[in-house]
Amino acid sequence: MDKYNHKKIEQKWQKYWEKEKLYKTKDISTSSGQNKPKYYVLDMFPYPSGEGLHVGHPKGYIATDILARMKMMQGYNVLHPMGWDAFGLPAENYAIKNKIHPRKAVEKNIKKFKSQLEKIGFTYDWSREINTTDPEFYKITQWMFLQMFKKGLAYESNEPVNWCPSCKTVLANEDLENGKCERCGSKIEKKPLRQWVLKITDYADKLLKGLDDLDWEDSIKEMQGNWIGKSVGATVKFQVISKNKNVLKNNSMSEYGQNLSRNSAELTRNYAEPQTTKSELLYENLTYKIRGIIFNVKKNIGLGHKESVYHNALKIEFAKHGLFFESEKQIDIKYEGKKIGTYQPDFVIENKVLIELKALPKIGRQQLNQAWTYLKGSDYKLAFLVNFGTADLEIKRMIYDIARNQNNNSAESAFSLRESATSLEVFTTRPDTLFGCTYMVVSPEHELIKKLSKFCHSELDSESQKNKNKIPDQVRDDALPIRNLEEVEKYIKKAKNKSDLERTDLAKEKTGVELKGIKAINPVNNEEIPIWVADYVLASYGTGAIMSVPAHDKRDFEFAKKYNLPIKQVTRSSEKKCLIIHGSPKKDMSRDSDYVPENIKHWLGWLKNELDKKGYKIHNPQMPMPWKPDYNKWKRQIKKINIDENTTIVGHSAGGAFAVRWLSENKKKIDKLILVAAGLQKEEGNERLHKLYDFKIDKKIRNRVNDIIIFVSNDRDYRVQNSKIYSKELNGRLMYLENRKHFTIKDNPANKEFPELLDEILRQDLKEAFTGDGVNINSGFLDGLKTAEAKNKITEWLEKNKIGKKAINYKLRDWVFSRQRYWGEPIPIIHCKKCGAVAVPEKYLPVKLPEVKNYKPTGTGESPLANIKNWVNVKCPKCGGPAKRETNTMPQWAGSSWYYLAYLIRKQEAKNKKQEYILNKKKINHWMPVDFYVGGAEHATRHLIYARFWHKFLYDIKVVGSKEPFKKLKHVGLILAEDGRKMSKRWGNVINPEDIVKKYGADNLRVYEMFMGPFSQPVEWNTNGLIGTRRFLEKVYKLRMKANNKANGTNANEQLEILLHQTIKKVTEDIESFDFNTAISQLMILTNTMEKEKTISITSYRLLIILLSPFAPHTAEELWEKLGNKKSIFLQPWPKHNPEFIKEKEIELVIQINGKVRDKIKVSADISENEAKKIALESEKIKKWTKGEKIKKIIFVKDRLVNIAI
RNA sequence: GCCGCGGUGGUGAAAUGGUAUACACGAGGGACUUAAAAUCCCUUGGAUGAAUAAUCCGUGCGAGUUCGAGUCUCGCCCGCGGCACCA
């Protein structure tokens, strides 16, 4: 008998497969390619690193190979290609270190990888091999980039980006791990550098929605969903006002000031639209509206006042309404491109609007004419606060002209003060907590600060110095919106110097500075709330500012605690409940009842009311409380209410006693215990009840209750007794109901003892922020609404009042697409001084990566390519002028974003027809989408997001016809080293697949890796385990001796026949679902069973080999040949199970008593229910159990069991 | 902190709400052998027990639903992975 010699077998069949071109995918132009349905199985192509493969790498490839082989045998035209993702840092770093061109290193590595892969016996169609560094390949990458550029999806940005100081390049958000470089672990710095950025955020929603239709593992979808990070909420605009409490109060202020003050009061009342009359159109229309308030200077102030006072007064008045102006802004007046003078308007708002206080500027008329002619053509909008009383008529006309020319509609549209009024917009996912917003925080980079500090500075620099004598100090001070500007600026400077990692370090305590002098107005309650600047607020998310709700946000809570800011709870857990237990002999105590003493009745009513107001859900069950209190009955009532840590129990009289008893019996925790009238008047036969009051609140109960309060009735004996017991322990929370007059709240509202005490124990002293959903409280019109309802209602309200609107935010950032490194695709852009960034015309693609002497990154934010003068300097394709090439290269993820399309074309074809990769829609539409994609989970938020984005773009420009590239996806679980760590050269724990193949065989490696455990789960490598699968293969090999030609057709053993068909079914299904471990175990069971037979039919042995062939292709081919077959086993059709054969004829009927197995009886599979039950009951063993028992129920489960409930 | 996944023999692990521990490794015993390796056979969750009689316990912990729970529900504990001042 021949021995199983894996070396011989493997070499033989690998050669055969190559010679026969067995795995060459049929081109769709051929008839064999057309007739078969397609199946595209794809592996994530590897980065050919210098280290070579370790045993973890092929795991995914083995799986796809098994699938590909089965699909082939099932009659599909299978595409199973392989290629190389060869651009990237490691090759470049290797090149720098060893002074070898990265291309050479890559070539070498690919060779090694390929030979390692070939030894495992894969079905790859190497005629379609691709390489991202091939100019023919990256030509298309560049072409696709240009399409994005043309659509505005690729743009240049100067925003601060992630800079890795060690790799000397910028990185995308996806390339970071905990604020560190994913590759080298260096801390990332934020640097403002010019970068190419892809607008992936435009596709955020599509990327998120697309996930729904994908047959991917939930974990991967989850990760992508998180990464995209959609948050639904609202934006809210808060008005910002300057607090100038002392303005104009001073008696020493000029009469004009007083005048103004009075007027402003008047103005705030006047909400009417401006009156317009035809003749006065100009100036009437140019009266100023501030948030609807008309500010008519002409009428109320008039001309001729001292300008500085007027100027300042006006400024303050504006500031009160949130309008901050720059004064002393100089504007260059140009005439035919030359500066001819400067012009200084009285106010400038946000570099957009110029305001003149009067129509008599300090410059001459001619100059004015020039100035305004110039300004007419500029971006500025002009506005005038004019008194025309003494104005030069000609100037008047001029103004009129300007106004008419620049504002076709009205002055207001040109100069909408409403627009420029200072406000602070925030994004929040919890608009429902708006009532609880007690302060606001802006990020250090926020516009508001820039704007206000500019305003302040202009004041400090010029106005205050020049006019020191003219302006009263107070006015000057009050005119500055930020009074502690210095402190604020110092803080901002410090924050900017921190690295991103420092800023986002969670362990770090939050810091911040209040912007003194300004306040925001909470739009729902008009409360003035402070504005802070703090670096825990990110400039990059939302609007860079937040509304702070410390009661319901952990971070805000922390901050508020530190800086002693108010915390206002507006949502409470809907779980909070109160159970009122009445011990009254008569029904409901809170209702009218003759029996209940007035004081208690009022008291309970009030208590219930208070608890209700605080948001407690009141349970007020009707107790079956008779004259003879029944504890058990009572307990049953209580059971319906789930008493937990959120429950407050109010126990009244006997109810209180029960509550205490219940607490001592049940080890449950509750929130608060309030005992009312714990002690009764001795009247009407209360003796029995009195006995109940001998309860004790011991330590155990105390520990399970957060707080206890007891009110004792006016019964002297019990009062004394109770006070002895509890007054010390309860810190005085023991109150006496001395007489009804005193304690009836209604009668004596001045009595504060009860309410105060109650307040004390019910106060929601938040120990931490409550971030969950619940019910709104202290929220005006939102009170009582559940979180979701409150969200809707407030959003509606915000929209109606134009304060805010529904908004969606994404965590996903645009993709920083340039790297300052050598080994990547050059970005095909030319920078021209005249024309800006110009696309390289398509006919000049590819822009080949030039040879360079030194690959070292420059570290200056430019790539090494910048040093190649004759490559960089080119003519502008648009104007022919001198221009420079873009020297940044693309990131590693560029090529992998579309490589799966490149496989659809054979290499030869691609070379012949220059653009076939992208133009052959027929092939793309035939093969796409990828049917099954396998790779590492680490790509979930990188490659897989980029590729989907890229594909969706290609869909939009009609290059591809499918919306998603990868229909089905499975991720490979890592193979860890035997020490439990990742396999790495660093740890010296790498196991090379070549060694395993040599020693144990390729098939053995394949079967073992699939048998180790669930495919997607990480497992530790265990070389000892290989012996099991090796034995299995040898068993199958040896089993050939038992395969008997004579025993054709079916087996003598019927059971074996059943097992065979069960195996066909299981293996087929398990391959499809990637449950290879159970498929193999099933094959082992079949083999073990066959081995026990003396002879087996040749048909069944054949089937076994076919089922095994995808897993162990070399062994299967060898055995197949040994059985006398001439053609490859992989040309055999995949077997189908016969459903008839699967059914067992005889089954083991399990008989249970109360779910426990008591007997097993062999019966025919088609036994009827009644028969089965009868047999079960007749069993001796069962009789033993059922004797003397009443049978309640008998359950029959077909093919399985009978369960007798007794 | 949030989101997701998991916790079953000595180990890797099976198990549509229906016989828990399939399959494999390891271990123990036996056969063959001068011996070893290889191979084959038997045993292998725990307790009581002479027992391959029987009973009880047993899938991280505690409750619940059910005739019946590893599986479903609720509350914890632990481990892994992802995200993380994301408002």
Side-chain angles (χ1 to χ4, degrees), chain A residues 177-179 217-227 229-231 233 426-431 433 441 443 503-508 510 534-538 540-549 552-556 558-559 642 644-645 768-769 771 809-813 937-938 940-941 973-974 1008 1011-1014 1016-1022 1024-1029 1031-1032 1034-1035 1038 1075 1077-1085 1087-1088 1091 1148-1160 1181 1184 1191-1206:
Chain A
E177 257 171 25
N178 291 324
E217 283 151 293
D218 288 341
S219 61
I220 306 271
K221 285 198 204 178
E222 197 69 39
M223 274 192 233
Q224 281 211 357
N226 276 344
W227 192 262
K230 183 177 180 174
S231 301
V426 299
F427 170 74
T428 175
T429 54
R430 292 294 300 271
T433 60
V441 188
S443 60
R503 269 179 74 167
T504 57
D505 184 6
L506 282 167
K508 187 201 72 171
K510 293 181 180 28
D535 64 6
Y536 83 91
V537 172
L538 304 176
S540 54
Y541 186 79
T543 61
I546 60 159
M547 62 176 227
S548 218
V549 186
H552 305 295
D553 183 283
K554 237 196 123 219
R555 295 151 300 170
D556 296 345
E558 204 182 302
F559 194 75
N642 188 22
D644 57 22
E645 283 164 70
E768 54 184 24
T771 53
N809 250 287
Y810 296 94
K811 282 204 287 188
L812 189 72
R813 292 287 114 82
E938 69 272 19
T941 54
L974 274 181
Y1008 176 63
F1011 184 63
M1012 286 171 88
S1016 298
Q1017 195 179 291
V1019 258
E1020 279 168 31
W1021 177 264
N1022 180 7
N1024 290 335
L1026 278 158
I1027 192 71
T1029 41
R1031 278 180 194 149
F1032 163 64
E1034 287 188 16
K1035 254 186 223 174
K1038 270 192 274 175
D1075 294 312
N1077 53 336
T1078 48
I1080 292 166
S1081 112
Q1082 183 69 28
L1083 286 170
M1084 284 172 169
I1085 292 169
T1087 308
N1088 291 345
E1091 210 195 12
E1148 199 175 45
L1149 188 71
V1150 170
I1151 302 164
Q1152 299 179 328
I1153 307 274
N1154 288 343
K1156 280 185 180 160
V1157 181
R1158 295 301 178 195
D1159 198 7
K1160 296 170 188 177
K1181 284 182 185 168
K1184 209 168 76 189
I1191 293 168
K1192 282 190 209 152
K1193 205 174 176 184
I1194 304 176
I1195 311 280
F1196 170 76
V1197 182
K1198 194 164 169 11
D1199 292 343
R1200 288 198 193 268
L1201 54 78
V1202 173
N1203 190 11
I1204 302 163
I1206 57 171

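To find a chain, count down the sequence lines: A is the first, B the second, and so on, and within it residues start at 1.
Applying the 90° cutoff around 0 to the glycosidic angle, B/G9 is assigned syn.
Residue A/M547 contributes atom CE, which lies 9 Å from atom C1' of B/A87 at whole-angstrom precision. In this structure, A/I1153 places its CD1 atom 11 Å from P of B/C56, rounding to the nearest Å. When rounded to the nearest whole Å, the span between CD1 of A/I1080 and C1' of B/C25 equals 15 Å. Distance A/F427 CZ to B/C86 P: 12 Å, rounded to the nearest Å. Atom CG of A/L812 is separated from atom P of B/C83 by 14 Å (rounded to the nearest Å). Protein atom CD of A/E938 is 19 Å distant from nucleotide atom P of B/C80, rounded to whole Å. A/D535 places its CG atom 9 Å from the C1' atom of B/C85, with the value rounded to the nearest Å. In this structure, A/E177 atom CD and B/G81 atom C1' are separated by 12 Å, rounded to whole Å.
Remark: the separation of the P atoms in B/C83 and B/C72 is 27 Å, to the nearest Å. Rounded to whole Å, the separation between the C1' atoms of B/C61 and B/C78 comes to 10 Å. The separation of B/A63 from B/G30, taken at their P atoms, amounts to 46 Å, rounded to a whole angstrom. With C1' as the reference atom, B/U48 and B/A38 are 41 Å apart, rounded to whole Å. B/U59 and B/G10: their P atoms are spaced 13 Å apart (whole Å). Between the C1' atoms of B/G58 and B/G70, the separation comes to 11 Å (whole Å). Only the C1' atoms considered, B/G17 is 8 Å distant from B/G68, to the nearest whole Å. If you take atom P in B/C5 and the same atom in B/G75, they sit 15 Å apart, rounded to whole Å.
Partners of A/N226 according to the side chain to side chain donor-acceptor pair (under 3.5 Å) rule, which considers only residues two or more places apart in sequence or in another chain, do not exist here. For A/K1035, the side chain to side chain contact (heavy atoms under 4.5 Å, CB included) criterion is met by A/T1087, A/N1088, A/E1091, not counting sequence neighbours.
At a threshold of 4.5 Å between non-hydrogen side-chain atoms, the residues A/V1150 and A/Q1152 count as touching. Looking at heavy atoms from C-beta onward, A/Y536 lies out of side-chain contact with A/E558 at the 4.5 angstrom threshold. With a 4.5 Å cut-off on side-chain heavy atoms, A/M1084 and A/T1029 count as touching. By the 4.5 Å heavy-atom criterion applied to side chains, A/E1148 and A/K1160 are counted as neighbours.
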So what's the dot-bracket for RNA chain B: Watson-Crick or G-U pairs under 3.5 Å, [ ] if a pair crosses, | if it pairs off-strand? (((((((..(((.....[....)))((((((.......))))))((((.....))))..(((((..]....))))))))))))....
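For A/T941, no side-chain nitrogen or oxygen approaches OP1 or OP2 of B/G82 to under 4.0 Å.
A/V537 comes within 4.0 angstrom of a base, heavy atoms only. Using a 4.0 Å heavy-atom distance criterion, A/N1088 is classed as a sugar-phosphate-only contact. Within the 4.0 angstrom heavy-atom criterion, only backbone atoms of the sugar-phosphate kind lie near A/I1085; the bases stay farther away. Note on A/V1150: a base of the nucleic acid sits closer than 4.0 angstrom, heavy atoms only.
When all heavy atoms of A/A940 and A/M223 are compared, the pair lying nearest together is CB-SD, 3.7 Å.
Remark: A/K1198 NZ is packed, more than 12 non-hydrogen atoms of other residues, nucleotides or ligands lying under 6.0 Å away.
The CD atom of A/Q1082 lies 12.5 Å from the CG atom of A/D1075; values are rounded to the nearest 0.5 Å. One distance of note links CG of A/L1083 with OG1 of A/T1078; it measures 10.0 Å at 0.5 Å rounding. A/E222 contributes atom CD, which lies 12.5 Å from atom CD of A/E217 (distance to the nearest 0.5 angstrom). Distance CZ/A/R430 to OG1/A/T428: 8.0 Å, rounded to 0.5 Å. Interatomic distance, A/I546 CD1 to A/F427 CZ, rounded to the nearest 0.5 Å: 12.5 Å. For the atom pair CG of A/N1022 and OH of A/Y1008, the computed distance is 4.5 Å after rounding to the nearest 0.5 Å.
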Can you tabulate the close N/O pairs, meaning under 3.5 Å, that link protein atoms to atoms of nucleotides 62-69 of chain B?
residue	atom	partner	partner atom	Å
B/C67	OP1	A/K1193	NZ	3.2
B/C67	O2	A/N1203	ND2	2.4

Could you run down the sub-3.5 Å N/O contacts of the protein with nucleotides 38-43 of chain B?
residue	atom	partner	partner atom	Å
B/U39	OP1	A/R1031	NE	3.4

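In this structure, of B/C85, B/U55, B/G81, it is B/C85 that holds the atom nearest to the side chain of A/R555.
Using modelled atom types, one side-chain atom of A/D556 and one backbone atom of A/V549 make a donor-acceptor pair closer than 3.5 Å. Between the side chain of A/D553 and the backbone N or O of A/S548, no donor-acceptor pair lies under 3.5 Å.
Map A/Y536 and A/E1148 each onto its nearest nucleotide of RNA chain B; the residue landing nearer the 5' end is A/E1148.
Judged by distance alone, with hydrogens and angles left aside, A/K811 brings no side-chain donor or acceptor close enough to the base of B/C83 to form a pair under 3.5 Å.
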Please encode protein proximity along nucleotides 1-17 of chain B as a string of B, S and -, counting only heavy-atom distances under 4.0 Å. --SS-------BSS-B-
